[in-house]
Structure formats: C-alpha cells, structure tokens
Amino acid sequence: MAQRNGGDLVVETLSALGAKTVFGIPGQHALGLFDALSRSELQFISSRVENNSAFAADGYSRATGEVGVLFLSTGPGALTSLAGLQEAYATGVPMVVVASQIPLDGLGARRKGMLHQLDDQKASAANVTKSQRTVHHASGIPSAIQDAWADAITVPMGPVWVEVPQDVLLAPVMVPPVRDALAEAYEHPPRVELVAEAVRWLADAKRPAIVAGGGVRRAGAKQALLEVAELLQAPVLCSPGGNGAFPWDHELSLQSWVEDRYVTEVLEDADALIVIGSSLGEVTSNYFTLTPRGKMIQIDAEPRVLESNTPALGIRADARAALEYLAQALRDAEYQAAVDWHGESAAELVANTLDKVKGRLDAQDLAKERKFMADIREAVPSTMQTYWDMTIAAYWGWSCWDSREGEFHSAQGAGGLGYGFPSAIGGAIGLEVAGASHSDARVLAVSGDGSSMYSIAELATAKQHNAPVTWLIVDDGGYGILREYMEGAFGKATATELSRPDFVALAQSFGVPARKVAPEDVGPALRESFAADGPNVIVVETLLKMFAPTHLD
C-alpha cells in the first residue's frame, strides 16, 4: 500500500467536504497532489490551458450550485489561471483553488533560482480571490481547506486560494485519513432597523421599481423576489447577471433591456428603487447614465458594493434572506400597493415601455440579428443552460435572451475573452455528476471567432471527456464589437481583423463533429446537434451588428 502524504490530506478533505470533480493541469511541484488523486474517488478533468481550467470550474459551479475545485501548478500555471479567476471573483462564483508552491526552503522572496519561483505567488492571486492561505505543515492542510471552503460559500461567494509547497505535498503523514469535514457559510441576515426603514420608504412610494442582479440568482431568491415584486406591484428589471431571476413574460417584467433609455427612464422616475444583488455597474446603469430621482434601497452581500455608484439606504445581506425579511415585514405592516405611474398601473407601464423598446429596434436595420437570436432561442430546449463568450451575440443575449427554465451564463463580470466553451464543458460535466443523463446534461456555448481561439485547445478536453457541449462559433472575421466601437468612434477600425482557421476542419481534426451553416439555418442545425452524442461544433459565418446605443442620446 502506498504511503499517504500531504496530497492525500488535500483530496481526502475535499472529498469529505463534498467535492466530486476537480479541474486542472498537472505540474512538477504538484505531483504529490496528482498522485494522491489516483487513490481517491475524485473525478479529474484535464484541461489544456490553466485559464480554461478556471473557466471550467466556474461553469461547473454555476451549473450545479456546488463549489468548483481547481488544482494548479506553481508559477506559470498558477499565473495563467488568474484571468479566469477574475471572472469567478467578479461574478461571485464559489471555488476552492489548490495551487502547489516551491519547497518551503525557497519561500520568502529569496532568489534561490528554483523552477517556477515567484517572490510571492499568493500576492498574485490577491486581486482575484476572496482569501489566500499558504500551508507550511501537512497537518495544517485539512483545516486550511475547510476554512477556505467556508470562505468560498459565505456571501459574497467567490474563489479562494490555498497553496501547498511541494515538499509538504510529498511529506509522509501519520495522521489517519480525513473522514469528515464541516464547512458552513456565515449567515448575513439584514439588520432589522434597516428593513423597517425600507418598509417605511416603500409605504410612501407610488412608483416602486426593482433591479435584480446576479446576487438574486446565486442566492436562490427567485421566489422571494417574485413575492416582493407582486406585493409592491413593482416593475422588475434584471441585469445581465440577473437574467432569469424574474419570469420573462410576467406582467411586471421589464426583462433585461438595461441598455435602453426608455427602461432607464422608468428607473429614474421611480420614487423608491430597490437594487438587489447588483452594483448598478457600467452595463446595468446604461453606462452610468442612470440618475435615480427618488429614494434608493440597495441590498447586497458585498458591503463594498453598497452606494458604490449611487447614494442609497445600504443593507448588507444575502439577497434571499433580505427579500424574505422584506416580504414578511410588508405583510406584518399590512402593506397595500397604491401604485400610480402618472395615471398608469405598473403592468400598463411595463407593457408600454416594452412596446417603446420594440419600436426603437424596429426603426433600425436589425432584422437579421433579431431573427438569428430568435432562431437560437427557439432551438434551445427551455431547460438547457447556455454559456456565452464576450461576443456580439452575447451582448444581444444580455438584453433579449429569455432563459426560460434554463440558466443564462456569461462573462459579463470581468469581461475577458474565452469563457464560453471551457465553462460550458465544466457545466455539462457538472450536470452529469449531479445525476442528469448525458442527453439532459447538454449545454450550449456561444463564441465569436476571436474569443473561440482563446479556448480552441479545449476541443481536446471535450473529446477526451465526451462532454455533451454544442459549440456555436459566430465567425465575423475579427473582433466584431471592437471593430464596431472603433468605426463608430474613429471612422475606421485598427487591428481588429483576424486570420482564422477553418474551424470545421480544425474541430474534425480533434475528432469532434463540425459543420458550417448559413445564418438562416442555425435553428435546424442546433436541433440536430442537440440530439447527438458528445461534443459538436456549428460554425456560422456572418456579421452581426449591435442595436444603437442609447446612453449617447
């Protein structure tokens, strides 16, 4: 029987905490960690680039609601993951990252010339993780990972970093195997006097409105949001991250048209605006043009978000707990909605506003784009989860995608390229681990030709693990949105055009079925691909345009 070592303590603790799957790439200093994997029941998903491993762990967590786990090697491997971790950090995705380190003797910024040596590897992760720990003794591994796990799942959730030196991972251990481990999230209920004050504000309001962000989705607060909105008779706008937090076709739903000035004006006119699980950041505020004239109540688990853009009654709390407290307080106060939007009911206001949005789109030459997005929506099963890269189709999706009973995932937190495909691989694998059949675990990834090249190597990962992912690549010959921005700002685009491969032949060289279709055939092609086994690729060569911005009006 092999001698147990520090690596075994890592995998045993993770298993005891409930982990089932690990993403990553082996490395020299992490060999003890990966050797221990062979003695565990953890499933390992081997990516080809560490940044894509981070995206995959992120996608796994978003699809399942579980903690994503990522193993990294020292130095270049660890550093390569940081852009992916930035997305998880910005979006509040719980992940535990275990990185190897150089041997103990080299720590402390001494220039010993060790392979992969950094002055302070942990400091490199400080901008993109909630907390960072270095373990100096094998006996400290279980507690460090347990504490990190608790950090990850405590709101605001996010990725956490644990690094273990090579010799600690390899050191023989005498302690018995880890059989159980407990990591509980710290609760953050809202302060009762703040909820009471919010109720007083709402009692006087005639035009309440709600902005629901990604924090509502992550907290599992959809039902609580619906209850509060209906009690208040308040129109609800979902941010891109909050897409799906409120029923798309509900009579109070302003959907996700955050970049339309007609919608912005509704929020500005509200005499009590509740913003929950959102910072009212760049996109959701229609590029910081939103200037509320009424009182604002902002609820978020991250205290740094509160009043970061607009003065408000700031309530630090988990979205679900806050909404449940608020609903109960409204019922206790025997609240009765008395809404008057200048002679209109809330439902009439919403219907008229959405008609204005549609009219604005009708006035632009966008028939191809609107049909393309509608064809994708109708082809995608109502429960399917979708993963969108930073590409023009995704920017449309932020506003127009009805996620129905599925989930809409995009990289709008940090906005880096390459998210769509590797996160979808992680999501599909996660759904299978959670018990879905291979066909029911299928997800859709959407990328542009530029963003797809960031993750093209993960075709090998998808093939190796037979991940049920359909990858739609919209090929417009360059960085389409940057081309559009530059042409609008300067009259010409510079360095946006790209030489790209034959995506169909390239995918086929990995053993992944692929085909090219015309834009008008994307719907039937998707339906056929969804019925297939394992990964597949659809390429559409077309130039999509964005709808005209309204924040410049």
Can you confirm if the aromatic rings of Y387 and F408 lie within a centre distance of less than 6.0 Å? no
Under the rule for salt bridge (charged side-chain N to carboxylate O under 4.0 Å, His left out), what residues qualify as partners of D8, not counting sequence neighbours? R39
Polar side chain donor-acceptor pair, E405 to S382, under 3.5 angstrom: yes
Does the distance from a Lys or Arg side-chain N to an Asp or Glu carboxylate O, for E12 and R179, drop under 4.0 Å? no
Regarding T21 and Q43, do their side chains bring together a donor and an acceptor under 3.5 Å, going by distance alone? yes
Does the pair R377/D402 count as a salt bridge with the N-to-O cut at 4.0 Å? no
According to the salt bridge (Lys or Arg N to Asp or Glu O under 4.0 Å) rule, which pairs have a member within residues 82-94, sequence neighbours left out? R62-E87
If we ignore hydrogens and angles and just use 3.5 Å, is the side chain of S253 paired with the main-chain N or O of Q255 as donor and acceptor? yes
Residue pairs involving residues 183-223 (criterion ring-ring contact (aromatic ring centres under 6.0 Å, His included); sequence neighbours excluded): none
Got a sec, which residues hit salt bridge (charged side-chain N to carboxylate O under 4.0 Å, His left out) with D300, two or more places apart in sequence or on another chain? none
R217 CZ to S403 OG distance, which is reported to the nearest 0.5 Å: 6.5 Å
So does G420 get a backbone contact from the side chain of S423, meaning a donor-acceptor N/O pair under 3.5 Å? yes
On a heavy-atom basis, which atom in S278 and which in V305 lie closest, and how many Å separate them? O-CG1, 3.7 Å
Report yes if some heavy atom in the side chain of Y395 is under 4.5 Å from a heavy atom in the side chain of I481; otherwise report no. yes
With distance as the sole criterion, is a donor-acceptor pair present between the side chains of N286 and T264 under 3.5 Å? yes
Check whether any side-chain heavy atom of H409 lies under 4.5 Å from a side-chain heavy atom of Y419, and answer yes or no. yes
side-chain hydrogen bond (donor to acceptor under 3.5 Å, both in side chains) against S285, all qualifying residues, sequence neighbours excluded: none
Taking the side chain as everything from C-beta on, heavy atoms only, tell me whether E187 gets closer than 4.5 Å to D318. no
Closest approach of D389 to G418 (non-hydrogen atoms, all atoms of both residues): OD1-N, 2.9 Å
Would you please indicate if the ring centroids of Y60 and F23 are separated by under 6.0 Å? yes
Determine the minimum heavy-atom distance between V178 and A16, stating which atoms define it. CG1-CB, 4.2 Å
Residues W398, E259; criterion side chain to side chain contact (heavy atoms under 4.5 Å, CB included); working and verdict: CA-CA 9 Å; W398 289 356; E259 296 184 58; 4.0 Å; yes
Any donor-acceptor pair under 3.5 Å from S239 side chain to G242 backbone: yes
Here the pair of heavy atoms bringing A83 nearest to N51 is C-OD1, 3.4 Å
For residues N52 and E458, is any side-chain donor paired with an opposing acceptor at under 3.5 Å? yes
Measure from the side-chain N and O atoms of S124 to the backbone N and O of L79, and report whether any donor-acceptor pair falls under 3.5 Å. no
CG (L14) and CG (L37) are apart, to the nearest 0.5 Å, by 9.0 Å
Is the positively charged end of R404 above the ring of W248, judged by distance under 6.0 angstrom from the centroid and angle within 45° of the axis? no
In residues 330-337, what donor-acceptor pairs under 3.5 Å come from side-chain atoms, sequence neighbours left out?
unit_1	atom_1	unit_2	atom_2	d
R331	NH1	E227	OE2	2.0
R331	NH2	Q328	OE1	2.7
D332	OD1	Q328	NE2	2.8

Tell me, which pairs form a salt bridge (Lys or Arg N to Asp or Glu O under 4.0 Å) where one or both residues lie in residues 424-433, sequence neighbours left out? none
Tell me whether S345 contacts the main-chain N or O of E348 through its side chain, where contact means a donor paired with an acceptor under 3.5 Å. yes
Do the side-chain N and O atoms of D260 and T550 include a donor-acceptor pair separated by under 3.5 angstrom? no
Between S437 and D440, is there a side-chain donor-acceptor contact under 3.5 Å, judged purely by atom types and distance? yes
Going by atom types only, do S256 and W401 share a side-chain donor-acceptor pair under 3.5 Å? no
When rounded to the nearest 0.5 Å, the distance separating CG of L290 from OG1 of T310 is 6.0 Å
Less than 4.5 Å apart, any side-chain heavy atom of I45 and any of T461? yes
Determine yes or no for a side-chain-to-main-chain donor-acceptor pair under 3.5 angstrom, with S61 supplying the side chain and A57 the backbone. no
Side chains of K295 and D271, heavy atoms from C-beta outward: is any pair under 4.5 Å? no
Under the ring-ring contact (aromatic ring centres under 6.0 Å, His included) definition, can you give me all pairs with a residue in residues 203-224, not counting sequence neighbours? none
Between R207 and V266, is there a donor-acceptor pair closer than 3.5 Å when you use the side chain of the first and the backbone of the second? no
Value for CD1 (I299) from CG (L326), rounded to nearest 0.5 Å, stands at 6.0 Å
S100 backbone acceptor or donor facing Q121 side chain under 3.5 Å: yes
Under 4.5 Å between any side-chain heavy atoms of L280 and M296, yes or no? yes
Within the distance-only criterion (no hydrogens, no angle test), does the side chain of E302 pair as donor or acceptor with the backbone N or O of R304 below 3.5 angstrom? yes
Does the pair R218/E407 count as a salt bridge with the N-to-O cut at 4.0 Å? no
Do L349 and P235 touch side chain to side chain, with heavy atoms closer than 4.5 Å? yes
Contact check, side chains of V211 and T284, non-hydrogen atoms, under 4.5 Å: yes
Distance-minimising heavy-atom pair for L225 and A245: CD2-O, 3.5 Å
Just wondering, more than 12 heavy atoms not from E193 lying within 6.0 Å of its CD? yes
Rounded to the nearest 0.5 Å, how far apart are CG of L70 and CZ of F55? 11.5 Å
Give a yes or no on whether R293 atom CZ has more than 12 heavy-atom contacts from other residues, nucleotides or ligands under 6.0 Å away. yes
Enumerate the salt bridge (Lys or Arg N to Asp or Glu O under 4.0 Å) contacts for residues 275-286, please, sequence neighbours excluded, ordered by first and then second residue. none
Any salt bridge (Lys or Arg N to Asp or Glu O under 4.0 Å) pairs touching residues 145-164, not counting sequence neighbours? R133-D151
Take atom CG of D340 as the centre, draw a 6.0 Å sphere, and report whether it contains more than 12 heavy atoms from other residues, nucleotides or ligands. yes
Smallest separation among heavy atoms of A221 and R320, with atom names: CB-CA, 3.5 Å
Under the side-chain hydrogen bond (donor to acceptor under 3.5 Å, both in side chains) test, residues paired with E268 that sit two or more places apart: R261, T291
With sequence neighbours left out, which residue pairs that include part of residues 284-308 fulfil the ring-ring contact (aromatic ring centres under 6.0 Å, His included) condition? Y287-H551
